[in-house]
Amino acid sequence: MTHTTLPFAPADAPRLEILKDAGMLTLRMTGVWRKDIPLPDPRPVRDALAATPPPATLRFDAAGVTAWDSLFLTFCRAVLALAGERRVEADLSGLPAGAASLLDLASKVPERQGAARKTRHAPFLERMGDLGLAVSQAVVNLFDFVGDVTLACLALLRGKAVFQRSGLVALMYQASVEALPIVSLISLLVGLILAFVGAIQLSQFGAQIYVSTIVGIAMVRVMGAIMTGIIMAGRTGAAYAAELGTMQVNEEIDALRTFGFSPTQFLVLPRMIALVLMMPLLCIYADLMGILGGFIVGVFMLHINPVQYLTHTWQSVPLANFWIGLVHSTVFGILVAMAGCYRGMRCGRSALGVGQATTSAVVTSILAIIIATAIITVACNIIGV
Amino acid sequence: MEASTSAAAPAEQPAIRVENLTMAYGDFVIMRDLNFTVNRGDVFIIMGGSGCGKSTLLRVLVGLKEPAKGKILYREGSLWDSEPEKRDVILRRTGILYQSGALFSSMTLAENIGLPLSQYTRLKPKEIRELASLKLALVGLAGFEDFYPSEISGGMCKRAGLARAMALDPDILFFDEPSAGLDPVSAHLLDELILELRDSLRATFVVVTHELASIFAIGNNSVFLNVETRTMSASGDPKELLAHTTDPNLRHFLTRGEE
Ligand SMILES: Nc1ncnc2c1ncn2[C@@H]1O[C@H](COP(=O)(O)OP(=O)(O)O)[C@@H](O)[C@H]1O
Ligand SMILES: [Mg+2]
């Protein structure tokens, strides 16, 4: 900013004169001291205060200050702090009355010792150590949560779990009926895609009918479960994290605790139940929609007889695949509900915290779904189904 | 917070004048026919029972909610009849302390206070930081610059909210139940702070409160919103209202129902 762009004539600019007189340092201030005009350079004041011998007293002469606001106060405050360091006595009587009393007020409550944070750059080893501690703390927290949830499930089995039954119905509705449109669309499209990819290869051998096998096995064994799992992670898992996170921010979870409710039983358990019950149903529905997608390609593009397509699907897909799919989706239901609730319960008390909880709930659930799929697939291979 | 030794503004022009104000949510009229004047340097109290529309009146005064009818006149002109740019200029001179503090939870206290400064001034980050420390020191929170709102107590949040309201050195400060949720000692200190700021800044304060102690200690002007008649029943110095009023609701309110 140059002087010519200032809205004030130079005569109005804040000016500082330093007068030294027999141990007395006088700061003569004139002009307008406001946020819209840059302050004068404070360095000469520092030098004058640091001179040897140091001045005995510091005086202000602000009779020429025509207007001021809190920027003026920050300047005076900085000067007073310097004077304090040099043990120079300060005399505020020359300041405007309001300014002097505000400066008094600002120094009335002393700065709390140890309150100020130091933002320093920690050395590499310390940061790695902190990271290690954070990871181990996260593992402990996770086991804590899983333990809590297990206890809550045991309480449920003994019929002692406390939560709102009416809330459970609403949660089940949200996790099933409300998810149907998106599940329909996505599984239908996945079925179509699988059929297309298969059709190109199989029609080279004249084996189009095996499209029904590919689509059937892929959908029923894993794809139906994975697609519903991922949809529910984005839809419901994220919603759980945001709901519980907001409750954490509003101290609603603390309120539950003080009433003697276990938040795990009251909030986490119904969400787990809802997802564990509804995910397999959604998965069966997704299987059927996927097969319908394959059926559309088979009948309308490959001109397979509709009845033949369906009977071939029925005959060539072993029933074991269906059960494997259900195992997948039940496990996914547990994982998505746990990830959403865990992130929500551990949410930081701020708007930012809720956002982070939601994001990490989705990331965690999708990661968990993929890892669980790998484990189940390997396990199925070992036992040979 | 602006002082001028060569004040050119005519001193006795009121800070805010409210004329025939009616407020409503949809068809549901909250308060009608409000008329009162807030003078410069006043600590003006908005009194009334819970749910009578005090917060709503505050929202109307600071431009967050449009009135159903009537005018709000600041020194620069009518708030709701001005173009948006002019309304911004008027509102730039006001600061608000919300009922819940409403600090931005993802920012430290210094960042909370610095936000309006970095938006509306061309100060350097270091100067903004110094201004933020000054405001925090004024409300007794020196040294808490780098704390997040979730790390300080409710009363401290209130005071930090006050520091943020003062960020732009406003002429008029609006407080919504500043002492709600504070212990009596903190509430008393807040009252003293308000008086001290009023004297040193020559700022005007509009305070919603139903703390009788505060009302009599700091208020020199007030309006009483009567929840039964859905309009104001009196306006003036609360001590004189107590001495002279004939309105049973107001008497009831000012004597805590003991008369
Ligand atoms: N957003 C809103 N929509 C409809 N009615 C509201 C809304 N906010 C407040 N009200 C109603 O307006 C009335 C006054 O509310 P408020 O101004 O918050 O009262 P208080 O005096 O306690 O601050 C209450 O009856 C409340 O129900
Ligand atoms: Mg209110």
Side-chain angles (χ1 to χ4, degrees), chain A residues 1 5-6 12 32-39 42 62-78 81 95-119 248-251 347-356, chain B residues 1-8 100 103-108 110 113 117 120-124 126-152 154 156 159 163 166-170 189 192-193 196-203:
Chain A
M1 222 182 350
T5 64
L6 291 176
D12 277 344
V32 173
W33 293 63
R34 270 200 321 225
K35 286 197 281 288
D36 38 8
I37 317 174
L39 286 176
V65 172
T66 48
W68 56 274
D69 70 6
S70 45
L71 196 63
F72 176 64
L73 296 180
T74 61
F75 184 87
C76 298
R77 212 162 158 245
L95 288 173
S101 67
L102 282 175
L103 286 170
D104 254 0
L105 186 61
S107 59
K108 213 154 70 176
V109 180
E111 182 160 336
R112 194 170 88 169
Q113 288 305 311
R117 301 270 171 94
K118 285 182 194 68
T119 44
Q248 185 71 265
V249 173
N250 290 342
E251 301 181 323
C347 174
R349 293 212 159 155
S350 67
L352 188 68
V354 177
Q356 284 169 345
Chain B
M1 193 197 296
E2 200 156 290
S4 174
T5 44
S6 63
S100 58
L103 295 169
F104 305 119
S105 54
S106 59
M107 299 182 191
T108 63
I113 299 169
L117 288 167
Y120 295 113
T121 68
R122 289 201 251 172
L123 297 175
K124 300 188 208 68
K126 182 168 165 286
E127 292 170 317
I128 291 183
R129 169 100 187 167
E130 278 175 12
L131 276 173
S133 325
L134 169 74
K135 309 282 163 164
L136 284 173
L138 282 177
V139 296
L141 287 177
F144 286 91
E145 286 86 350
D146 295 322
F147 277 63
Y148 285 91
S150 54
E151 297 170 332
I152 57 177
M156 289 157 92
R159 282 185 280 152
M166 295 192 307
L168 289 170
D169 295 335
L189 287 177
E192 300 232 299
L193 183 64
E196 226 157 323
L197 292 175
R198 196 260 318 253
D199 292 341
S200 41
L201 301 175
R202 289 261 306 126

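Quick note on labels: first sequence line is chain A, next is B, and so on, each numbered from 1.
Looking at A:A351, both its backbone and its side chain come within 4.5 Å of chain B, counting heavy atoms on both sides. Heavy atoms closer than 4.5 Å to chain A are found in both the backbone and the side chain of B:E130. For B:S133, the parts lying near chain A are the backbone and the side chain together; criterion is any non-hydrogen pair under 4.5 Å. With a threshold of 4.5 angstrom between heavy atoms, B:A167 approaches chain A through N, CA, C or O but not through any side-chain atom.
In terms of non-hydrogen atom pairs under 4.5 Å with chain A, the most contact-rich of B:L117, B:T121, B:L131, B:L193 is B:L131. Interface remark: of the candidates A:A78, A:G98, A:A106, A:A99, A:A106 forms the most heavy-atom pairs closer than 4.5 Å to chain B.
Distance check, rounded to the nearest 0.5 Å: CG of A:L103 to CG of B:L134 gives 7.5 Å. Atom CE in B:M107 sits 11.0 Å away from atom OG in A:S350 (nearest 0.5 Å). Taking OG1 of A:T74 as the reference point, atom CZ of B:R129 lies at 13.5 Å (rounded to 0.5 Å).
Applying the side-chain hydrogen bond (donor to acceptor under 3.5 Å, both in side chains) rule to A:Q356 yields no partners; only residues at least two apart in sequence or on another chain are considered.
The minimum heavy-atom distance between B:D169 and A:K35, with the atom names listed, is OD2-NZ, 2.6 Å.
By the 4.5 Å heavy-atom criterion applied to side chains, B:K135 and A:S70 are counted as neighbours. Using a 4.5 Å heavy-atom threshold, the side chains of B:L197 and A:L105 count as touching.
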